[in-house]
Amino acid sequence: MQDVAEAVGVSKAHIWELEKGRADNPSMALVTRLADHFGVSVAFLVGEDVESPDADRQLQRMFRQAQQLDASERAILDDMMKSLLKRRTNG
């Protein structure tokens, strides 16, 4: 962790918080430095790389289907996803 922290210019504690999912909203600059350090895309680093070899097949299918939606339908889908995630965290 110390090596990563030094490479991207933050504290070891901050890297630990990010790794444990306890740090909210890291800056885009930090995310970009982390992606560069690990040699991956930002999308892969944040779990949005649907082309990744280890990507969930069902999510890949859903993403392909979502590409067929127009802008208003995508907005509805986005609202639905946010609602589901909010309900899940509010328990």
Steps toward side chain to side chain donor-acceptor pair (under 3.5 Å) verdict (Q65, R61): CA-CA 6 Å; Q65 291 172 330; R61 178 187 54 79; 3.0 Å; yes
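Contacts of D78 classified as side chain to side chain donor-acceptor pair (under 3.5 Å), with partners at least two apart in sequence or in another chain: K82.
Linking ILVMFWY residues whenever their side-chain heavy atoms come closer than 4.5 Å, directly or via other members, leaves L69 and L59 in distinct clusters. Note on L34 and V42: same hydrophobic cluster, where clusters join Ile, Leu, Val, Met, Phe, Trp and Tyr whose side-chain heavy atoms are under 4.5 Å apart, directly or indirectly.
Among all heavy-atom pairs drawn from A66 and L77, the shortest one is CB-CD2, 4.0 Å.
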I'd like a table of donor-acceptor pairs (distance under 3.5 Å, sequence neighbours excluded) in which one partner is a side-chain atom from residues 8-20, with atom names and distances.
from	atom 1	to	atom 2	distance (Å)
S11	OG	H14	N	3.0

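E73 places a side-chain N or O within donor-acceptor distance of the main-chain N or O of D70, the cut-off being under 3.5 Å. A side-chain donor-acceptor contact under 3.5 Å links T32 to the backbone of M28.
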